[in-house]
Amino acid sequence: MPQFRNPFPAFLTARPAAWIGTSLSLAIGLLFYLGTLKSIEDDAGQRFAGHARNAQGTISARLKSYSDVLRGMASLFSTTEHVTRAQFHTYVEGLGLPLYFPAIASINFARSFSDPERAAIERSLQEENPPDPGTGTPFKIYPPGRRAEYSVLVFVEPPATWANMLGLDLAFNPLVRPSLTALRDTGVLVSSGMPIAAMSGPNRTGLAMRLPVYRPRAPIVTLEQRRQGYLGSVGLAFNVQQLVQGVLAEMPIKNVRLTLIDQAIGVDQRRGRVLFDSIATATNPAPLPVASGNRFSNTLLVDFNGRTWQATFSVARRDMYSGFEEYLPWLAALAGFVTTMLLYALFQAMSRSRQRAITLAKGMTRELRESQAKLQLSHQSLRRLAAHAEQIKEGERKRIAREIHDDLGQNLLALRIEVDMLAMRTREHHPRLHARARATLMQIDATIRSVRQIINDLRPNVLDLGLSAAVEWQIGEFERCNGIACVLIDEHQEFALHDHCATAFFRILQESLSNIVRHAHASAVRVELNVAGNRLSMTVSDNGVGLQANMRQKSGSFGLVGIEERIRILGGSFGISSASGAGTTVCISVPLDQRTQHDAQALRIASGQPALA
């Protein structure tokens, strides 16, 4: 019975060497651990920063949509000075606030007038607004008292919730009065930054925006003209929590903390008011900051009509890691430790073996043969891995292209139909909205074209029509994109070819044409596709500068190596001929009969079986 022979006797018997190898392996394993951990953290941090920027953009877009609602309301009053309560109600009801703007709680119009006009305007408002059905109290302006200027809420929607606000003089509040004066004199949208008392409380903040309304066709170029033509202001109130929580719900990350702080100085001379904190509760409306040592944090700015909001997004690092990423640093450390131990042991064994080279010549020969066998097995394993990786890559390309076509493509088409309908319905009555809808429609069309191009780049559908059609399509795309004349010589013979073989031919053609664009400086390309016997051949020639002698061994260049490996997996042959200044010709050939010895060998390698001797 043969005895077990220790391959590393010197290493295991030399204690100092063992300690050095162990220490070195631990150090390398630690470096692998730290490097992998840093890479995972950087990647997770970048992903989180991207999600935070998307959320910031969504918040800004929603705030802008609220400003657009106000501008639409102002345009209603620009058509006629005498807008009735019923017209105002119909317009607001048509906006569909609960469906399209759920965070907006109220829309109103405040009429501005002086004290001499009060009696006449109050009588007209009493005629238009019936007495309160519960108390019989007629419409009146409050708080009571005489003032030089008034800004009275005369329209409030929805009336069921905000009926008690009718008649409120906004100008009575000294904190609101400067904002009303500013919007009247500047003609721009204004927000005081003061929370609305009726909508605010623990972990609840209601804010308002107001836009001036001037009499139809009144000149508003100078300050005096704006004051003379000032009719009043339209405003809306919205719930910050409902606005922001909707954005957080759309983020693909869970347990994200968002703190929204108003950094602008308000009319109450206060800065740094907390508008929203996603972890605040009614019992703990002002939670303490969470330690940032093990959290990702990103602070971005949101513009709210000239006021700067500071949006701070944070999340625990573990919430950004997948289950595999949590263990990957330890696996890297283990791999580094084991690999270093093996390399160190091999180094020690080779050092000792060199001293006994003559006496152990036969043993070294035997070990060399064993190493060659292992190398052959390793080479075959790499071939299997390459074939498997190629199959996975092409399968993933096909799957991704299919999912983009089935999901994203269909959704974009549905969205285009909806926007087209919106454009048609707004063509005559809402020219501005119609223009915006047409612009959106053009953007959707551009996106659909981009999606189609991405699908073609992943896996052109023309491959399903056969290799000849795919080659002809690729050559046409090559000429169109690069302006290089390309001639296809195809005998148009019928031949049966497996899908993975056709895909490989197509990818080889793509790689060859790409190399011509990058390196050949050619003006003409010739592609021949023909069948001879039971073999399919393809030749790609150009009239470029030719291939330099050292180009195939250039570091970091794997194009020709990849082509050669693809052909070997299929059991085919690969050849390249070139001369300086005389162009380059690439020839590939594979058997059509998939039962030939070479292809059977390739199929065994691709399926994970050991290659035949």
Side-chain angles (χ1 to χ4, degrees), residues 23 25-62 202-205 240-263 272 274-302 309-341 389 392-393 396 399-400 403-404 407-408:
S23 301
S25 299
L26 287 174
I28 297 298
L30 179 61
L31 290 177
F32 273 52
Y33 175 85
L34 295 177
T36 306
L37 182 63
K38 181 67 167 57
S39 176
I40 292 175
E41 287 183 351
D42 291 344
D43 179 67
Q46 291 176 1
R47 284 189 282 115
F48 178 70
H51 292 309
R53 286 192 295 270
N54 290 339
Q56 173 211 24
T58 303
I59 294 174
S60 299
R62 293 191 178 185
N203 201 34
R204 291 185 299 110
T205 304
V240 177
Q241 279 64 31
Q242 193 168 0
L243 165 71
V244 178
Q245 284 172 347
V247 176
L248 288 178
E250 296 176 0
M251 293 186 70
I253 311 170
K254 303 302 180 183
N255 303 321
V256 176
R257 181 182 183 182
L258 170 57
T259 304
L260 202 60
I261 300 176
D262 188 353
Q263 293 294 351
V274 178
L275 303 176
F276 175 76
D277 192 337
S278 58
I279 67 171
T281 61
T283 57
N284 185 21
L288 296 175
V290 180
S292 59
N294 58 348
R295 296 179 68 85
F296 292 115
S297 181
N298 202 331
T299 299
L300 303 170
L301 299 181
V302 177
W309 288 359
Q310 177 180 292
T312 301
F313 299 84
S314 65
V315 69
R317 293 177 184 268
R318 63 177 179 275
D319 290 331
M320 291 297 299
Y321 300 153
S322 64
F324 177 71
E325 288 177 334
E326 292 182 2
Y327 298 103
L328 185 58
W330 293 105
L331 293 175
L334 179 61
F337 175 81
V338 172
T339 303
T340 305
M341 284 290 293
I392 291 177
K393 183 171 71 175
E396 278 299 292
R399 182 186 66 80
I400 293 172
E403 290 187 0
I404 290 176
D407 295 337
L408 182 58

**Item:** Inter-residue atom distance L248.CG - N255.CG, 0.5 Å rounding
**Value:** 11.0 Å
**Distance-minimising heavy-atom pair for V302 and A311** = CG2-CB, 4.3 Å
**CZ on F296 to CD on Q46, rounded to 0.5 Å** = 10.0 Å
**Prompt:** With no hydrogens and no angle check, is any side-chain donor or acceptor of S297 less than 3.5 Å from a backbone partner on S314?
**Reply:** no
**Asked** How would you list, by chain and number, every residue that makes a ring-ring contact (aromatic ring centres under 6.0 Å, His included) with F32, sequence neighbours excluded?
**Response** none
**Message:** Once rounded to the nearest 0.5 Å, what's the spacing between atom CG of L260 and atom CD of Q310?
**Reply:** 9.0 Å
**Message:** Nearest 0.5 Å, please: how far is CZ in F313 from CD in Q56?
**Reply:** 7.0 Å
**L301 CG to W309 CH2 distance, which is reported to the nearest 0.5 Å** = 13.0 Å
**Fill in**
d(L37 CG, W330 CH2) to nearest 0.5 Å is 9.5 Å
**Prompt:** If you look at every heavy atom in E250 and R62, which pair is closest and at what distance?
**Reply:** OE2-NH2, 2.8 Å
**Prompt:** Which atom pair, heavy atoms only, marks the closest approach of A333 to Y33?
**Reply:** CB-CB, 3.7 Å
**Request:** Write down the atom of I279, the atom of P287, and the distance for their closest heavy-atom approach.
**Result:** CG1-CG, 3.7 Å
**Fill in**
What one should report as the nearest heavy-atom pair of I253 and D319 is CG2-O, 4.5 Å
If you look only at distance, which donor and acceptor atoms sit under 3.5 Å apart when one is on a side chain in residues 47-55 and the other is two or more places apart or in another chain?
| unit_1 | atom_1 | unit_2 | atom_2 | d |
| --- | --- | --- | --- | --- |
| R47 | NE | D43 | OD2 | 3.1 |
| R47 | NH2 | M320 | O | 3.2 |
| N54 | ND2 | G50 | O | 3.3 |

**Item:** R257: salt bridge (Lys or Arg N to Asp or Glu O under 4.0 Å) partners, not counting sequence neighbours
**Value:** D277
